[in-house]
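Structure first, then comments.
The sequence lines fix the lettering, A, B, ..., with proteins before strands; numbering per chain opens at 1.
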Amino acid sequence: AQSVTQPDIHITVSEGASLELRCNYSYGATPYLFWYVQSPGQGLQLLLKYFSGDTLVQGIKGFEAEFKRSQSSFNLRKPSVHWSDAAEYFCAVPVNAGGTSYGKLTFGQGTILTVHP
Amino acid sequence: DGGITQSPKYLFRKEGQNVTLSCEQNLNHDAMYWYRQDPGQGLRLIYYSQIVNDFQKGDIAEGYSVSREKKESFPLTVTSAQKNPTAFYLCASRNRGRSYGYTFGSGTRLTVV
């Protein structure tokens with residue numbers, strides 16, 4: 001089964017600093033990849049998604065992610081973090097990353113982002 | 001506005017009781033999903049449904065049951081057979097196809113007391 005790993009459980013950055021959240025996937029071909037954000041006690045919101053084509057994907061709230069096949073990674077970045085970005089972030093991949101999976105997603109363990117003023 | 005409504009937001013249950021979590025969507029989405037979220041474990045799929053009157057088990061279906069009698073509704077029952085039901089439960093929906101664009105509800109936090 002396809003999987004994603006988020007190596008960092010918790011990251012702390014200062015407001016205005018740059019951010020990179022790591023995501024590694026396991027799949028032989030090019031997978032579909034997603035980043036979601038979750039505020040405390042809330043549901044998840046899609047930040048961005050990668051299907052094919054340009055490996056640098058722009059998302060909402062100033063986030064971007066870069067697909068790197070050689071590193072099996074899909075890291076999320078933001079050049080300048082705002083206090084409102086404090087949340088938990090999840091990387092996800094379809095259960096059958098390149099074929100029929102009935103929309104089922106496998107999520108990483110999540111990375112909690114804390115932003116210091 | 002279209003969206004997914006989960007109710008209640010907080011739910012307390014005594015051991016040995018069944019409890020039903022509500023999930024309603026007005027997005028006209030075909031597929032609906034239930035995920036369980038525990039700290040540090042991401043989201044795990046409980047059940048999913050692609051069409052009305054049809055549903056399949058996910059990775060952790062034991063102790064749970066669902067129904068899909070209407071397109072808009074996908075209630076989840078947590079039975080007394082679920083050994084560790086205290087968790088945050090998320091419902092999601094999407095249109096069938098390749099977009100995988102989930103819409104999530106705001107969740108129900110279930111606590112067994």
Side-chain angles (χ1 to χ4, degrees), chain A residues 1-11 21 23-25 27 30-53 57 59-60 74 87-112, chain B residues 3-11 21 23 25 27 29-51 54-61 74 87-111:
Chain A
Q2 317 315 319
S3 66
V4 287
T5 302
Q6 295 178 246
D8 305 305
I9 296 174
H10 196 169
I11 283 184
L21 303 181
C23 173
N24 297 107
Y25 65 89
Y27 185 64
T30 300
Y32 298 164
L33 290 159
F34 307 84
W35 274 101
Y36 284 85
V37 61
Q38 182 183 34
S39 297
Q42 297 298 315
L44 278 68
Q45 181 183 22
L46 180 66
L47 283 175
L48 49 79
K49 58 189 176 185
Y50 173 76
F51 287 164
S52 64
V57 180
I60 62 172
F74 187 58
E88 189 163 14
Y89 293 80
F90 293 93
C91 184
V93 63
V95 169
N96 182 358
T100 301
S101 63
Y102 303 106
K104 295 182 291 181
L105 291 176
T106 295
F107 290 84
Q109 302 92 325
T111 298
I112 298 171
Chain B
I4 295 183
T5 300
Q6 289 188 242
S7 61
K9 189 166 182 65
Y10 299 95
L11 189 56
L21 283 58
C23 178
Q25 55 100 358
L27 299 164
H29 284 174
D30 299 299
M32 298 186 73
Y33 307 80
W34 274 106
Y35 285 89
R36 170 179 171 144
Q37 185 177 14
D38 297 282
Q41 296 193 45
L43 280 70
R44 294 180 290 168
L45 182 64
I46 305 172
Y47 268 98
Y48 64 103
S49 169
Q50 297 296 300
I51 57 174
D54 187 48
F55 49 83
Q56 285 79 40
K57 293 181 179 180
D59 300 319
I60 56 166
F74 192 41
F88 191 55
Y89 291 88
L90 284 163
C91 180
S93 72
R94 72 175 190 99
N95 263 329
R96 293 170 71 184
R98 299 179 64 191
S99 67
Y100 291 96
Y102 276 26
T103 298
F104 277 88
S106 57
T108 292
R109 183 165 300 281
L110 173 63
T111 303

Part of [X] within contact of chain B (heavy atom distance under 4.5 Å):
X: A:Q38; value: side chain
X: A:L44; value: both
X: A:Q6; value: neither

Taking every heavy-atom pair that is under 4.5 Å apart, which of B:D38, B:L43, B:L45 has the most such pairs with chain A?
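The option with the most such pairs is B:L43.
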Let's test your reading of the structure: which of B:Q37, B:K9, B:Q41, B:Q6 forms the most heavy-atom pairs below 4.5 Å with chain A?
B:Q37
State, to 0.1 Å, how close A:Q42 and B:L90 come at their nearest heavy-atom pair, and which atoms those are.
O-CD2, 4.3 Å
Which atom of A:L105 lies closest to which atom of B:Y102, heavy atoms considered
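Scanning both residues, the minimum pair turns out to be N-OH, 3.5 Å.
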Going from CD on A:Q45 to OG1 on B:T103, what distance comes out if it is rounded to the nearest 0.5 angstrom?
10.0 Å
Side chain proximity check, A:K104 to B:Q56, heavy atoms < 4.5 angstrom:
no
